[in-house]
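Sequence lines set the chain letters: A, B, ... in the order given, protein chains first and strands last, and positions in each chain run from 1.
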Amino acid sequence: MIRRTWLWGHAINFFVMKTYLISGITLLFWYPLSAQYADSIVDTHIHKSLLLKEVKVSLSKNVSEAAAGFRQSSLQLLTDKMLERSPGISMIRRGNFAMEPTIRSFSNGQITATIDGMRIFGACTDRMDPISSYVEPNNLESFSISFNPGDNSYGSSIAGGINFSLKDPLFSPTGEVSAVLGTGFETNGNAFQTLAGLEYGSRKLAFQANGIFRRSGDYHAGGGREIRFSQYRKWNGSVSAKAMTGERSYLKADYIQDEGHDIGYPALTMDVGFAKAKIAALSYSYRDSVTSSVWNTKVYFNFIDHAMDDTRRPPEAVPMHMDMPGTSGTFGAFSSYSFSVHKRHYMNIQADGFNNRLKAEMTMYPQNGAPMFMYTLAGLGRSSAAVSVSDRLQMNSRFAVKLGGRMEYVHDYLFSGEGKEQLSGMFEGDLSRSRWVKNWNAQVDFYPDANWNFTAQIAGGARPATLQEAYSFYIYNRLDGYDYIGNPDLKQEKSVNLSFAGSFNSTGFGVRLNAFSYFMNDYIAGAILDGYSTMTIGANGVKHYISISSAKIYGSELELRWSPLSSLVLSSSNTFTRGNDADGRALPLIAPLKSVNSAFYRLNKKTVLNAELIANGGQHRVDTERYGETVTKGSAILNSSVARDFFLPRSKVLKASASVENIFDSCYYQHLDIMKVMRPGRNFLFRLTWLM
Amino acid sequence: MRKLLSFLGISILLMASCKKDESSAAASNKTKVAETTTAGGLKVALWSDNTSFTVAYNKVYVTVRSAEGTDVANATVSYHPLMNMSSMQHSSPVEQPAYNGGEHLYEGAVVFSMPSGDMGSWQLRVEVNGENVVFNVGVAPAATGSRHTGTFTGTDGNSYSVSLVEPLKPKTGVNELDILVNRRQDMMTFPAENGLSIELAPEMPSMGHGSPNNINPVDSGNGHYKGKVNFTMTGDWRLHLRLKRGNVVIVEDAALDLLF
């Protein structure tokens with residue numbers, strides 16, 4: 001259970017034991033110290049919430065509060081790049097923007113993606129718009145990753161999820177105003193971004209506003225080849241305001257608008273004309289320090305409008321022009337109450353619910369003939385209501401036990417008459433479906449002494465098929481080249497997850513090793529549907545989703561930190577996963593061994609140097625016949641950066657950094673890169689951030 | 001005074017007949033194509049579902065009223081279409097009308113196999129109780145991208161007329177399918193052809209793909225074959241129909257085109 005509550009500028013967490021706090025803070029250093037981290041040597045209290053703060057606590061051993069390195073001047077980073085460096089995360093890449101995160105090679109419906117606990121679902125049928133593409137680092141306070149259901153209570157899952165915490169302006173007794181301005185330039189792709197932020201805090205009111213604009217042209221792969229259709233352009237603006245409603249409570253309103261335009265997807269046959277998200281939330285928070293209780297309630301609404309575009313592609317690459325717009329609207333609410341039952345016993349109870357409506361259509365324009373129209377997602381709705389309970393008991397100074405459970409009722413339905421008629425040609429009978437989804441977890445922590453920590457966890461995951469898996473109508477998957485048709489009768493995917501972790505931490509050295517395995521039943525995968533003709537020109541055939549009797553994903557993570565000198569920190573984060581289906585065949589989109597290694601050297605009070613080696617093993621365990629994948633070679637790139645702070649009068653700071661990514665201009669791609677499009681070659685980055 | 005009374009009486013009668021007129025075919029959404037009077041004084045009006053007839057299976061309606069304006073429900077009515085071309089004449093498949101009491105009209109159908117125009121013109125002779133009236137009817141060509149009827153030469157040497165009866169207003173998803181098959185016995189006689197089996201394969205010509213979950217039309221009598229067709233999207237659709245008698249393929253590909 002993750003529960004991080006920022007109130008009056010302090011982190012209050014009722015689940016946190018002293019030992020936890022220690023290990024949580026040391027986890028910061030697990031995070032590979034990336035080039036961006038080097039920007040962040042100045043810790044000015046005033047600017048704390050304009051910048052990205054580290055996550056102060058990590059509550060369970062298998063939660064990686066990856067936001068550590070994500071502090072301060074990572075504001076100019078793409079969310080994608082921030083996620084990519086986090087342990088356990090690999091990104092499915094379709095272009096230079098809007099990569100899709102996987103957690104230990106779990107993706108899509110197997111994990112949840114939430115913003116401040118709010119459910120939000122991409123509108124694109126081709127998964128071009130993961131939720132992470134609609135938030136910017138300057139919207140965020142932090143993000144957290146969990147690897148098991150029950151570690152967070154934001155939704156039912158097989159393998160946890162990612163939650164992005166929104167900015168939290170601080171109340172201040174003195175009425176402080178602070179501001180940030182930043183701009184950066186990258187040579188590869190002539191990318192630039194510019195941002196501005198303003199924050200105000202008084203005793204009763206707090207407010208912040210942020211905006212960022214980014215634009216990038218086509219980038220060049222190693223060796224200089226231009227990757228066409230890899231451009232993007234976007235802006236993002238957010239405001240949030242807080243007002244005290246009493247001694248112990250406040251109201252908060254958040255609004256984010258994110259608009260991407262002209263986003264290229266070199267791995268796909270179409271680009272994106274626009275991808276627009278509007279995200280709004282109203283929250284109420286009540287905290288009672290006497291009873292150690294916190295009550296948080298939020299109501300929210302979000303809407304995504306997305307349109308694919310093929311008009312910029314060369315005519316010979318477009319056999320037929322088509323429009324493919326889609327929308328996704330979600331409203332929901334949750335209320336959670338955390339309290340201490342007695343001194344060493346904490347509980348959290350939450351009720352949540354949402355309704356999501358998806359609609360996607362396709363209109364094709366043949367050279368000779370009438371336009372052809374159909375729904376690819378024929379007006380699909382999902383309603384959910386859930387209760388979750390999490391309980392943590394500190395048995396003694398060495399043992400802690402955590403138990404959690406979640407019951408969710410999920411109802412799927414078709415909300416449009418036209419959609420029903422269209423699907424009548426594919427599926428028989430009433431297509432609405434309902435089911436109970438149960439998640440649970442149990443965890444034991446053992447602390448032999450202040451340095452050592454061992455954790456064992458068992459969890460039961462379950463998730464309903466996504467609406468796409470249940471009702472897709474000829475949605476083309478570029479990975480295997482098949483048109484996909486949904487299956488409303490898919491069983492829930494279920495799993496039993498086991499994980500063990502051991503860690504040793506001292507001031508100069510730390511090591512953490514864990515092993516995990518997910519044993520899944522009724523694993524949802526595509527299978528060839530004979531006798532169906534393809535819809536997409538050039539597709540290999542038609543598949544539908546079926547439940548495979550079983551599948552497993554297992555692996556290990558090793559994280560190392562060593563400070564041979566007080567000014568030098570070396571760290572290494574390594575993730576390895578492997579996946580098999582019931583027939584022993586390799587599952588698709590399994591990230592091979594990934595190793596992020598960095599050296600962080602503080603030259604003086606103002607200057608830091610950083611070098612980073614990112615290596616990916618080859619992936620030779622693929623099943624071309626069943627899943628359409630091909631082998632991938634290993635790759636390694638070296639990045640380096642220097643950052644310096646310039647202290648200006650009146651405690652203003654100018655932070656400057658220069659970095660070079662892919663120093664040796666390697667020509668490479670990774671296994672999760674769709675169509676094996678080459679990644680960017682050498683790139684020089686320059687960034688300036690003023691804190692005022 | 002008597003004159004006045006009789007005038008009033010006639011007026012009332014006229015008004016009554018007007019009312020009746022409204023309550024009959026005219027009340028529904030049909031278009032009156034033409035009207036004429038038989039030698040015996042019966043008023044015969046020709047109605048269509050559309051503003052005109054087209055090259056397709058057309059529902060053809062007539063109303064028959066007495067000189068007094070009352071509906072005649074028990075007449076013997078038959079249709080005899082005739083195409084007058086410069087060199088020849090031919091008829092076309094017909095479904096002889098039956099009285100529809102609900103709508104006060106006789107309801108039948110004619111497959112107009114070609115448009116009227118330079119090539120020739122269509123006449124529809126309607127025989128009512130042994131008396132003939134002849135309507136000159138315009139038949140518009142099928143809309144671009146549509147082919148709702150066709151004539152196909154069979155491997156048995158016969159010529160077959162294959163026409164789409166349903167769906168006339170296709171929608172995305174599953175549609176009831178009704179196909180009418182007639183055999184050309186001679187230029188004037190096109191009897192309904194029963195006892196065939198039909199294999200259906202829809203296709204989108206501009207995409208080259210088909211659709212799943214279709215149900216082959218089966219013989220339901222009077223030359224009609226009923227099944228189901230699944231249109232996965234709007235646009236141009238071609239219905240490939242393979243006509244078989246037993247295991248012998250009579251027509252390999254009787255293709256009809258729809259557009260919606």
Contact winner vs chain B - A:T536, A:I485, A:T534, heavy-atom pairs under 4.5 Å
A:T534

I want to know whether B:F112 and B:Y57 have ring centres closer than 6.0 Å.
no

Would you call B:V162 and B:L180 a side-chain contact if the rule is heavy atoms closer than 4.5 Å?
no

Do the two ring centres, one from B:Y160 and one from B:F152, sit under 6.0 Å apart?
no

With a 4.0 Å cut-off on N to O distance, would you call A:R585 and A:E625 a salt bridge?
yes

Any side-chain heavy-atom pair from B:L200 and B:P217 closer than 4.5 angstrom?
yes

Under 4.5 Å from any heavy atom of chain A, what part of B:S211 do you find: side chain, backbone, both or neither?
backbone

Taking the six-membered ring of A:F415, is NZ or CZ of A:R357 closer than 6.0 Å to its centre and within 45° of its axis?
yes

Looking at chain B, which one of A:S424, A:P366, A:G531, A:P319 has the largest number of heavy-atom pairs inside 4.5 Å, strictly under?
A:S424

Look at B:V229, B:N175, B:N214, B:T172 and state which one has the largest set of heavy-atom pairs under 4.5 Å with chain A.
B:T172

If I measure from the heavy atoms of chain B, does A:F373 come under 4.5 Å with its side chain, its backbone, both, or neither?
both

When you check the gap from the basic side-chain N to the acidic O, do B:E252 and B:R242 get nearer than 4.0 Å?
yes

Chain B heavy atoms under 4.5 Å from A:Y474: which part of the residue, side chain, backbone, both or neither?
side chain

Selection from B:G145, B:S206, B:G210, B:P212 maximising heavy-atom pairs under 4.5 Å formed with chain A:
B:P212

Chain B contact via A:M535 - which portion, at a heavy-atom distance below 4.5 Å
both

For chain B, which candidate among A:M426, A:E428, A:M372, A:E418 shows the most heavy-atom pairs at distances under 4.5 Å?
A:M372

